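To start, the structure itself, in structure tokens.
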2 protein chains.
Amino acid sequence: MAVLDERRPLYEIKANLFKGLAHPHRIRVLEILSSTDEASVTTMLADTGLEASHLSQHLAVLRRYGLVVSERRASVVYYRLAHPQISELLRVARVLLGEILTDADSQRELVNSLPEIPDAR
Amino acid sequence: MAVLDERRPLYEIKANLFKGLAHPHRIRVLEILSSTDEASVTTMLADTGLEASHLSQHLAVLRRYGLVVSERRASVVYYRLAHPQISELLRVARVLLGEILTDADSQRELVNSLPEIPDAR
DNA sequence: TGCTGAATTGATGTAATCATCATATCAGGG
DNA sequence: CCCTGATATGATGATTACATCAATTCAGCA
């Protein structure tokens, strides 16, 4: 468990968890798995429209971060969430975003006066 | 609100939220703010031990992601969480990590046979 | 006005992540 | 055994994030 290793400082471990979640395709995958208990790679290929190797690489990082587990049955590989709390985490994030976005919406006019800031340090 | 903009697809917005959280220093800052309602930059400098410009840049990304808000009173700038749910999100993450890490711990011996994988695609 | 402390911004080199494409493994079926 | 479908891994170039240091703004005070 190299990435979420408890010998590291706690805030680094937490940051790593969020890094594992910090990509649209991976969120997609986790939401699919949140809704269906388990899913084959083929299924997820169809659902996401990704190229096979691309999906596979994101699945690899999810595995590496300990967020999903996989099991091979015959020639098909099935994935599932490693912990049910992951969907809980996504749920809380969804609620939070709901609030952030409605706030943002009500302030849209004010905020629109600002230029886009392309870079994030 | 360029980063968490609701005109983007939802899973991209969520990924952006997690990106904002995906750094140890930023987790540090958010936890400080979770515990103290508001904190000045000077305070956080002392708490984190970071260099001023470094902290300031991370505060900038937190602002950019809409996770914190700042207010200047006299010559001191105070930060606070933009939404109380952010500490809830951190709390859920902490619980999840607790589970992941104890699982990992019980499997330590098995897992230790694996080499470290440096790269994350 | 010009100092000083507080905080932010800008510039630059380095490292990590991403997307794409090619190649490799792995498990049956013929 | 080799072929084919299903997945995974490797290599490469492009983009983005990070750390560091210099320069700037900003508010109050001498």
Side-chain angles (χ1 to χ4, degrees), chain A residues 2-3 11-12 15-29 33 38-65 68-80 114-121, chain B residues 2-3 11-12 15-29 32-33 38-65 67-80 114-121:
Chain A
V3 178
Y11 43 89
E12 184 179 339
N16 275 338
L17 167 63
F18 291 123
K19 260 187 221 168
L21 297 166
H23 193 287
H25 296 335
R26 296 199 288 272
I27 294 289
R28 261 319 250 127
V29 167
L33 296 178
E38 80 172 13
S40 68
V41 175
T42 310
T43 303
M44 293 190 280
L45 275 177
D47 287 359
T48 61
L50 293 178
E51 193 204 341
S53 69
H54 198 187
L55 174 59
S56 201
Q57 307 211 77
H58 283 293
L59 289 173
V61 355
L62 288 174
R63 260 185 279 123
R64 197 158 89 74
Y65 281 81
V68 303
V69 294
S70 63
E71 181 195 356
R72 172 161 232 145
R73 295 205 291 274
S75 58
V76 178
V77 178
Y78 296 90
Y79 281 82
R80 71 185 68 193
L114 300 172
E116 288 246 338
I117 304 160
D119 186 18
R121 298 265 156 104
Chain B
V3 178
Y11 40 86
E12 184 178 341
N16 274 337
L17 168 62
F18 291 123
K19 260 189 222 167
L21 297 166
H23 194 287
H25 296 336
R26 295 199 289 271
I27 295 288
R28 269 304 260 129
V29 167
I32 289 170
L33 296 179
E38 80 172 11
S40 68
V41 174
T42 309
T43 302
M44 294 190 278
L45 274 178
D47 289 357
T48 61
L50 294 177
E51 193 205 341
S53 69
H54 198 186
L55 173 59
S56 201
Q57 309 213 67
H58 283 293
L59 289 173
V61 356
L62 289 174
R63 260 185 278 120
R64 199 158 88 75
Y65 282 80
L67 299 175
V68 302
V69 294
S70 63
E71 181 195 355
R72 173 162 229 143
R73 295 206 291 275
S75 59
V76 178
V77 177
Y78 296 89
Y79 280 82
R80 70 186 70 194
L114 299 173
E116 288 246 336
I117 304 159
D119 185 18
R121 298 269 157 100

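Just so it is clear: chains get the letters A, B, ... in the order the sequence lines come, proteins before strands, and each one is counted from 1. Keep in mind it's a predicted model, so treat the numbers as computed, not measured.
Within the 4.0 Å cut-off from OP1 or OP2 of C:dC26, not a single side-chain nitrogen or oxygen of A:R73 is found. A sub-4.0 Å separation between OP1 or OP2 of C:dT8 and a side-chain N or O of B:R63 is present. In this model, the phosphate group of D:dC18 is not approached by any side-chain N or O of B:H25 to a distance below 4.0 Å at OP1 or OP2.
In this structure, the CZ atom of B:R26 is 5 Å from the P atom of D:dC18, given to the nearest Å. Rounded to whole Å, atom P of C:dA19 lies 15 Å from atom CZ of A:R28. Distance NZ (A:K19) to C1' (C:dT17): 10 Å, rounded to an integer number of Å. Following rounding to the nearest Å, A:L50 (CG) and D:dA8 (P) show an atom-to-atom distance of 13 Å. Remark: C1' of C:dA16 and CZ of A:R64 are 11 Å apart, rounded to the nearest angstrom. The CD atom of A:E71 sits 17 Å away from the P atom of C:dC26 (whole-angstrom rounding). One can place CG of A:L62 at 12 Å from P of D:dA8, the figure rounded to the nearest angstrom. Between the CD1 atom of B:I27 and the C1' atom of D:dC18 there is a distance of 16 Å, given to the nearest Å.
Legend: residues meeting side-chain hydrogen bond (donor to acceptor under 3.5 Å, both in side chains) with A:S40, ordered by chain and number and at least two apart, are A:T43.
Of the candidate nucleotides C:dT9, D:dT7, D:dA17, D:dA17 has the atom lying nearest to any side-chain atom of B:Y65. Closest approach to the A:H58 side chain among C:dA7, C:dA19, D:dT7 is made by C:dA19 (side chain taken as heavy atoms from C-beta onward). The side chain of A:H23 lies closest to C:dA19 when the candidates are C:dT8, D:dT9, C:dA19.
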Passes side-chain hydrogen bond (donor to acceptor under 3.5 Å, both in side chains), B:R63 versus B:Y79? Steps please. CA-CA 10 Å; B:R63 260 185 278 120; B:Y79 280 82; 3.2 Å; yes
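Note on A:Y78: nothing from the nucleic acid sits closer than 4.0 angstrom, heavy atoms only. Across all strands, A:T42 comes closer than 4.0 Å only to sugar-phosphate atoms, never to a base (heavy-atom distances).
The CG atom of A:L21 sits 9.0 Å away from atom CG of B:L21, with the distance rounded to the nearest 0.5 Å.
Using modelled atom types and a 3.5 Å distance limit, the side chains of B:Y78 and B:R72 yield no donor-acceptor pair.
Between B:F18 and A:F18, the angle of the ring planes stays under 30°, which puts this pair in the parallel group of the 30/60° scheme. A:H25 and A:H54 have perpendicular rings, their planes meeting at more than 60° on a 0 to 90° scale where under 30° would count as parallel.
Between A:R28 and B:E12, none of the side-chain N atoms (NZ, or NE/NH1/NH2) sits under 4.0 Å from a carboxylate O, so this pair counts as no salt bridge.
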Which protein N or O atoms sit under 3.5 Å from an N or O of nucleotides 21-27 of chain D?
| from | atom 1 | to | atom 2 | distance (Å) |
| --- | --- | --- | --- | --- |
| D:dC21 | N4 | B:S53 | OG | 2.8 |

